[in-house]
Undergrad: 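One structure is given below, represented as structure tokens, and several questions about it will come after.
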Amino acid sequence: MIALAAILAGILVACGLYLMLSRNLQRMVIGFLLLSNGVNLLVLTAAGLPARAAPPLLGEGASGSPFADPLAQAFILTAIVIGLGMAAFLVALSTRLHEASGRDDVEGDDET
Amino acid sequence: MHTILIAIVAIPFVGAAAALVLSSRWAGRLALLVPALVLALSVPRWPAAAGRGETVLVPIAWFPSAGMTASLRLDHLGAFFVLLVAGVGLGIVQYSRAYLGRNATPRFWAVLLAFMGAMLAIVLSDSLLLLFVFWELTTLASFLLIGMDGAAPEARSGAIRAFLVTGAGGLSLLAGILVLGQIAGTYDLSSMPARAERIMASPARDVALLLMLVGAFTKSAQFPFHFWLPGAMAAPAPVSAFLHSATMVKAGIFLVGRLSPIFGASPAFQPILLTVGLTTFLVGGWNAVRAWDLKKLLAHSTVANLGVLTALYGIYPPADVHGGIVRGELLAITSHALYKSALFLLVGWMEKASGTRDLSILKEERWFRREPIGGVLIGIGALTMGGFPFVLGFMSKEVFLQALLDARFPGAVAAVAAAVLGGAMAVVYALKLFVSTFWGPELPPDWRGYPRSEISRWLLVVPAILLLPHVIGGIAPGWLLGSVLEPGTDWPAWFAVWHHLDRIFLLSVSTLGIGIAGYLLWRRYARVPAQAETELAFDRLASTLLGASSAFSRAAQAGGHSRYLAVMLLFGAAASAAALCEGSFPRLRGAQTSWSVDLLAAPLPAAIIAAGAVLAVLVQDRVSKIIFMAAAGYGLAVFYVLFRAPDLVLTQILVETVSLILLLLVFQRLPRLGPDERSRGRRVAHGFFAAALGLGMAVLAWASGIHPAGHPAGAEQLALSLPEAKGRNVVNVILVDFRGADTLGEITVLAVAAIGVVALRAKRARARAEEA
Amino acid sequence: MNSFLLRQVARGVLPVAVLFAVYLLLRGHDAPGGGFVAGLVTSAAVILHALANVAPHKRRRRPRVLRSVWIGLLVAAGTGLVAVAAGKPFLTHSHFDIGSGHGALHLSTTLLFDVGVFLVVVGSTITALAAFAEEEPR
């Protein structure tokens, strides 16, 4: 399970990065969203998960089964929302750039 | 009592804020009120603090969980500095009102008052961290005040030099404070002496000591950091008098005093202070002998004096240091602060009245004949600077010599010789000033300054008041010391204006004699020198550094975000790889196996995520791209179910929906996506790079995921959630309670992002309205 | 996106969604939910409503939701400052129980903090999307 999640996080990060390396703004935005999902999964995976874990919701009595790590979940929860905020800002920047210059890609070194 | 200490620190800052909104005239009046208030609050505390040695501690919590406090403390040393800062400050403010006139903007008053507040806070801080904060604030204030006349290149370079040197020293101080705090387990000065054994036992002790001393030495212009102080003389006269002779440069001395009860037992402590102090004494003295610009002369002699103050802490054995004060220290500081600030103020007056501060010109014109009052005042200041009898400077010098003679350490003879030589140089430059004040060839005057009627009397009254204690102390030193400065300490018989023939007397006389001989030699052979070498060397160093850093920026910031991304990610990857190698997989304990149920449920969302991500890269049509990306996101939401994260499931679904709408809404305004603009080779390179990093991330996630942490941070929060925060959803409890400050920061980021979007769009709307 | 069916659905969904969001917000301390989730539910519903219902000529009206961002930040920071005023560290929460036993009403400043989070999330997402939506596509 951890291995599967790790592989998925790797795929999301790789695909997101590949798109982000493009100079095209639309590809960058999509890449950014994929990348942030990948990083969220990465953090969650890295926190580990005990066998037969229960969600971090405390019941009335002790059930005996371990809980999933709540700290990682709290981190990721805010990270998801902030990712949305960042994406919105990125999109606003790209439309603004498009309006100002008529282009939808950023300038840069062409061959490195 | 508690309120009084807080008020002493707060009043100047309140005044500074108020000065900004007042007219410059009223800001000046307000500035006069501030030190007067501080004096009124602190003078009644002096007998208790100095005589009975009472210490008032005001504990203030700052960040208790990190062991950080903002506690204040008033003791003998602190109270002395409060009086010094407020007392000299009062005179300085009145002088500035008269001297600067219209040039004193509200901003000037605000910075001056803020400096005063920062200085008071430094000497009242019990917490080293609080001390550091205000330490840096004084650096900043000094920068702003030196560079007040931003149009003058001399002011600009002087301000930058002072800022770089003292700022770097401040960073060193911070590092030292952190090391010391880690060793001692506290940042509170008052609890440090009790833990001296623990500090002494640590191997990092001397690292902390050295780092903190570098901070103190830069601030107090000790060799080899002394060169910034003469450059700071581009500041107006009252600023030089206040910051660069009376108070700010004494902050380093104050810090050494605070450190001496903690580090006194360290074998490195005293030799460093003594060596650095005496070297500074000699270097400063030699530079002052060579100087022609009166302000530079005073600045170099300040450097020399600061060297003496530092050296005093290196002489007495730790047992003789009571409350961070060595015998004669307060006398020496008082003496220097008063006469040197008075001299700076007098030079300010002179520059106004004569139009120059070049000693060679003044000397030739016998200028002081026409200004007898100013001449006499400068004469008194010069005498005490040279350590002549019947003024306080004499006493100060004798105390220093006596300390050296009493001390038992290797190389004591060399130290005494250095003291005599330095004292002789002080005599030389004092005579330079004194003699040119009263004697010299008579030349027709060349009137360059303002007419006398336009110069305020305060420009002479304030220095006269500052010099008054010198005359009193010169005639009745026992009274000044015994009942005012250090009540309760008994002073030996030699401490008087006139005493019988003994070693000190002989040393004093020989110092005077060598000095006078030196002066005669100087008269014969003196030449007007070029700019001091160290300054040039430093400026070269600074410009080399700046050049190197801009070359580095050009190389690293070549434009093109893909390169930036690659650099940042490579560093991140290297750091993660280092962390992985550190662990090197020795303990494959507790790898989890029992996942049978979930493993059956996992493949479908996993396939959706993987396919979505890959297809989002491969397809060309942008709507399909967005849909595939969203599919991967929704798949992830299902995956969060398997990770037992109900809150994440909800959040992920909602965010994915909103971002889907956002992209569909916005992308229709952008041009259609063409084929990937990257060349084939670049695509391969980028793909390889991305795949490698993805693989690395996967390994990182896997490696740390299968090694459960020994003490997961969440475990404590799980245990505390119900009893302390009364919540059953631990994720939410963490968000709103345990890590509430983080969440506050995060919603602030969200708010800033939203405002940024609005701002970017609003510009567009305005542009459209203008078109229409 | 201005079809009749969508309009009717959105009209029905909005109040239900807002009620649901309030429910999520209130129970967030003990069960899945909380300010972030509730805020996102509300804004998703509002966006759906806006996309379906707002006729093109009405889109020029700039929504004033940005204000809720400020109010939210103030509320969240304010709850922290209450503790400071009481002499405790910033963001120390207090809890009160009204009544006792199973039907006791539990009140705490954590809920207020979550309301602040809710307001910021609602305000910023709607503001950002509205900033894009108010212009006509070319």
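Just so it is clear, the values below take in all heavy atoms, side chains as well, and ignore hydrogens, waters and symmetry mates. Chain A is the first sequence line, chain B the second, and so forth, proteins listed ahead of strands; every chain is numbered from 1.
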Undergrad: Can you tell which part of Phe738(B) gets under 4.5 Å to a heavy atom of chain A, answering side chain, backbone, both or neither?
TA: neither
Undergrad: Between Leu21(A), Leu57(A), Ile11(A), which residue shows the highest count of heavy-atom pairs closer than 4.5 Å to chain B?
TA: Leu21(A)
Undergrad: Side chain from CB out, backbone as N, CA, C, O: work out which of these in Leu662(B) comes under 4.5 Å of a heavy atom of chain A, or both, or neither.
TA: side chain
Undergrad: What part of Ala632(B) gets closer than 4.5 Å to chain A, counting heavy atoms only: side chain, backbone, both or neither?
TA: side chain
Undergrad: Answer yes if the side chains of Gln652(B) and Asn40(A) hold a donor-acceptor pair under 3.5 Å, and no otherwise.
TA: no
Undergrad: Contact part of Arg739(B) toward chain A, heavy-atom cut-off under 4.5 Å: side chain, backbone, both or neither?
TA: side chain
Undergrad: Specify which of Ala691(B), Ala753(B), Ala645(B) makes the most heavy-atom pairs with chain A at under 4.5 Å.
TA: Ala645(B)
Undergrad: For chain A, which candidate among Val666(B), Ile609(B), Leu636(B) shows the most heavy-atom pairs at distances under 4.5 Å?
TA: Leu636(B)
Undergrad: Who pairs with Arg678(B) by side-chain hydrogen bond (donor to acceptor under 3.5 Å, both in side chains), at least two apart in sequence or on another chain?
TA: Asp676(B), His686(B)
Undergrad: Would you check if there is a donor-acceptor pair between the side chains of Tyr634(B) and Thr657(B) at a distance under 3.5 Å?
TA: yes
Undergrad: Measure Leu718(B) against the heavy atoms of chain A and call it side chain, backbone, both or neither at under 4.5 Å.
TA: both
Undergrad: For the residue pair Asp647(B) and Asn732(B), confirm or rule out a side-chain donor-acceptor distance under 3.5 Å.
TA: no
Undergrad: Taking side-chain contact (heavy atoms from CB on, under 4.5 Å) as the definition, give me every residue that meets it alongside Leu19(A), ordered by chain and number, with sequence neighbours left out.
TA: Arg27(A), Ile30(A), Leu34(A), Val617(B), Lys625(B)
Undergrad: Within a radius of less than 6.0 Å around CE of Met20(A), do more than 12 heavy atoms belonging to other residues, nucleotides or ligands occur?
TA: yes
Undergrad: Side chain, backbone, both or neither: which part of Val749(B) has a non-hydrogen atom closer than 4.5 Å to chain A?
TA: side chain
